[in-house]
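By convention in this document, chain letters (A, B, ...) are assigned in the order of the sequence lines, proteins followed by strands, and residues within each chain are numbered from 1.
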2 protein chains.
Amino acid sequence: MLDNTDLKILKLLKSNCKMQFRDIGEVVHLTGQAVSNRISRMEHFGVIKGYTVLLDEKMLNKSLTAYITIFMKTTNHEVFCEFLSNNESVLEANRISGEGCYMLKIQVNSQEDLNDFLDSVLKYGNYRVNISIGKIK
Amino acid sequence: MLDNTDLKILKLLKSNCKMQFRDIGEVVHLTGQAVSNRISRMEHFGVIKGYTVLLDEKMLNKSLTAYITIFMKTTNHEVFCEFLSNNESVLEANRISGEGCYMLKIQVNSQEDLNDFLDSVLKYGNYRVNISIGKIK
DNA sequence: ATAAATCCTTTCCTGGAGAAAGCAAAAAAC
DNA sequence: GTTTTTTGCTTTCTCCAGGAAAGGATTTAT
């Protein structure tokens, strides 16, 4: 399904998806056309889900990153999942095994916004907060 | 520094950074040129850090996602941070307040790879593992 | 051995993006 | 209050990246 060349292409796209097909082709020893074909195929197949931009969140004042472990109080997971999906502060949300039910990654502007967020979480469950004090990666 | 139009543009780019400037312009009521200028400015300023691709990790057999909290045993954080930076399985790594010292997000192919990873972590510290059993977001 | 499918290259053409010039409005200087 | 400068937009023009189509090589099926 995906050969080594495809994986190389994906790696290049991950580092810069605006890279020109011809330049990608030079790396993987193909013409731009062949690269284009492979990429379309991967888009169509669903391996490539989309193209996005990496932002410096600090400059956007989204300075507060936190990981939040949720311990559900209610059994109404559907409503909670909907809440997560619709909430702009939630960057990631995974159901987890181990301690807790969900692990969230959120990003907000201020301590106050964090408080507000946690308040709104409270009706679904309890939480453990780990605030990021430095991004390594 | 960034006005409302810039933020709208960023939002559009986040949903699809290959969107054509003219189409973006239609949304924010500008010509493609003006949009292009604004984007160049934001790239130059550093708000836009890069362009990347969203992949379906499941199709790449990177099926196992986990959040790992690290409790350092040693005080040699530098070496550990270097380890994190160089390790391909580590998607995110943040120093945290609260319980633990670091929060990692990793992605591997198998339970075995997870074991290997945890083994290599052990020389730096102890860990708590939360394996993702479902991605909500 | 022939037919079909796959994946590549080559060629051609369209249209997006960048550069340059010109314009208008706001900000700064006097 | 008028002039000058700056800023950010539009318009115009040009070039090249990307998509489409056609043709060829290699592999798979019959």
Side-chain angles (χ1 to χ4, degrees), chain A residues 1-63 88 91 107-110 113, chain B residues 1-63 88 91 107-110 113:
Chain A
M1 159 60 211
L2 287 182
D3 64 14
N4 214 24
T5 305
D6 289 323
L7 295 178
K8 274 189 206 162
I9 292 173
L10 289 181
K11 203 165 185 177
L12 290 169
L13 288 179
K14 209 163 187 183
S15 74
N16 175 18
C17 72
K18 286 204 169 181
M19 199 170 170
Q20 288 178 11
F21 293 174
R22 198 212 301 165
D23 294 341
I24 296 177
E26 265 178 36
V27 178
V28 300
H29 306 297
L30 285 176
T31 59
Q33 281 315 308
V35 172
S36 172
N37 290 340
R38 279 166 176 268
I39 290 178
S40 317
R41 209 191 64 222
M42 290 192 281
E43 285 172 354
H44 196 256
F45 195 76
V47 184
I48 295 176
K49 290 197 292 185
Y51 299 93
T52 189
V53 67
L54 290 171
L55 302 178
D56 190 323
E57 307 290 349
K58 274 181 202 158
M59 291 195 185
L60 294 168
N61 292 325
K62 292 272 184 181
S63 46
E88 278 218 338
L91 298 187
Q107 208 154 44
V108 291
N109 295 313
S110 61
D113 288 357
Chain B
M1 157 60 211
L2 287 181
D3 64 15
N4 213 24
T5 304
D6 288 324
L7 294 178
K8 273 189 207 164
I9 292 173
L10 290 181
K11 203 165 185 176
L12 290 168
L13 289 179
K14 209 163 188 183
S15 73
N16 175 19
C17 72
K18 287 204 169 181
M19 199 171 171
Q20 288 177 12
F21 293 173
R22 197 212 301 164
D23 294 341
I24 296 177
E26 266 178 36
V27 179
V28 301
H29 306 297
L30 284 177
T31 59
Q33 282 315 308
V35 172
S36 173
N37 290 339
R38 279 165 176 267
I39 290 178
S40 318
R41 208 191 64 222
M42 290 191 281
E43 285 171 354
H44 195 256
F45 196 75
V47 185
I48 295 176
K49 289 196 292 186
Y51 299 93
T52 190
V53 66
L54 289 172
L55 302 178
D56 189 323
E57 308 289 349
K58 276 181 202 158
M59 291 195 184
L60 294 168
N61 292 324
K62 292 272 184 182
S63 46
E88 277 219 339
L91 298 186
Q107 207 153 46
V108 292
N109 296 311
S110 62
D113 287 358

Exercise for review: Answer yes when A:Arg38 and A:Asp3 have at least one side-chain N-carboxylate O distance shorter than 4.0 Å, and no when they do not.
Suggested key: yes

Practice item. Could you please name the option among D:dT11, D:dG19, D:dC9 that lies closest to any side-chain atom of A:Phe21? Key: D:dG19

Practice item. May I have the distance from B:Asn37 (atom CG) to C:dC23 (atom P), rounded to whole angstrom? Key: 18 Å

Practice item. Nearest whole angstrom, please: distance from the P of C:dG16 to the CG of B:Asn16. Key: 14 Å

Check your understanding: Side-chain N or O of B:Arg38 less than 4.0 angstrom from OP1 or OP2 on D:dC9?
Key -> yes

Practice item. Check whether any side-chain nitrogen or oxygen of A:Ser36 sits under 4.0 Å from OP1 or OP2 of D:dG19, and answer yes or no. Key: yes

**Study point:** Salt bridge flag under 4.0 Å for residues B:Asp6 and B:Lys11
**Key:** no

Review point. What integer distance in Å separates A:Ile39:CD1 from C:dC8:C1'?
Key: 15 Å

Review point. Do B:Ile39 and B:Leu13 have side chains that get closer than 4.5 Å, going by heavy atoms?
Key: yes

Check your understanding: Does a side-chain N-to-carboxylate-O contact under 4.0 Å join A:Lys49 and B:Asp56?
Key -> no

Check your understanding: Is there a side-chain contact between A:Leu2 and A:Met42 (heavy atoms, below 4.5 Å)?
Key -> yes

Exercise for review: Classify the side chain of A:Gln33 versus the base of D:dG19 as yes if they form a donor-acceptor pair under 3.5 Å and no if they do not.
Suggested key: yes

Exercise for review: Can you tell me the distance, in whole Å, between the CG atom of A:Leu30 and the C1' atom of C:dT10?
Suggested key: 14 Å

Practice item. Remember a base hit wins even if backbone is also touched, and classify B:Gln20 as base, sugar-phosphate or nothing at under 4.0 Å, heavy atoms. Key: sugar-phosphate

Check your understanding: Between atom NE2 in A:His44 and atom P in C:dT6, what is the gap in whole Å?
Key -> 14 Å

Exercise for review: Report yes if a side-chain nitrogen or oxygen of A:Thr31 is closer than 4.0 Å to either non-bridging phosphate oxygen (OP1 or OP2) of C:dC8; otherwise report no.
Suggested key: no

Check your understanding: To the nearest Å, how far apart are B:Arg41 CZ and C:dG18 P?
Key -> 16 Å

Check your understanding: Atom CE of B:Met19 and atom P of C:dG16: how far apart are they, to the nearest Å?
Key -> 13 Å

Review point. Starting at CG of B:Asn4 and ending at C1' of D:dG8, how long is that distance when rounded to a whole Å?
Key: 17 Å

Review point. With respect to the side chain of B:Arg22, which nucleotide from D:dC9, C:dG16, D:dT11 is positioned closest?
Key: C:dG16

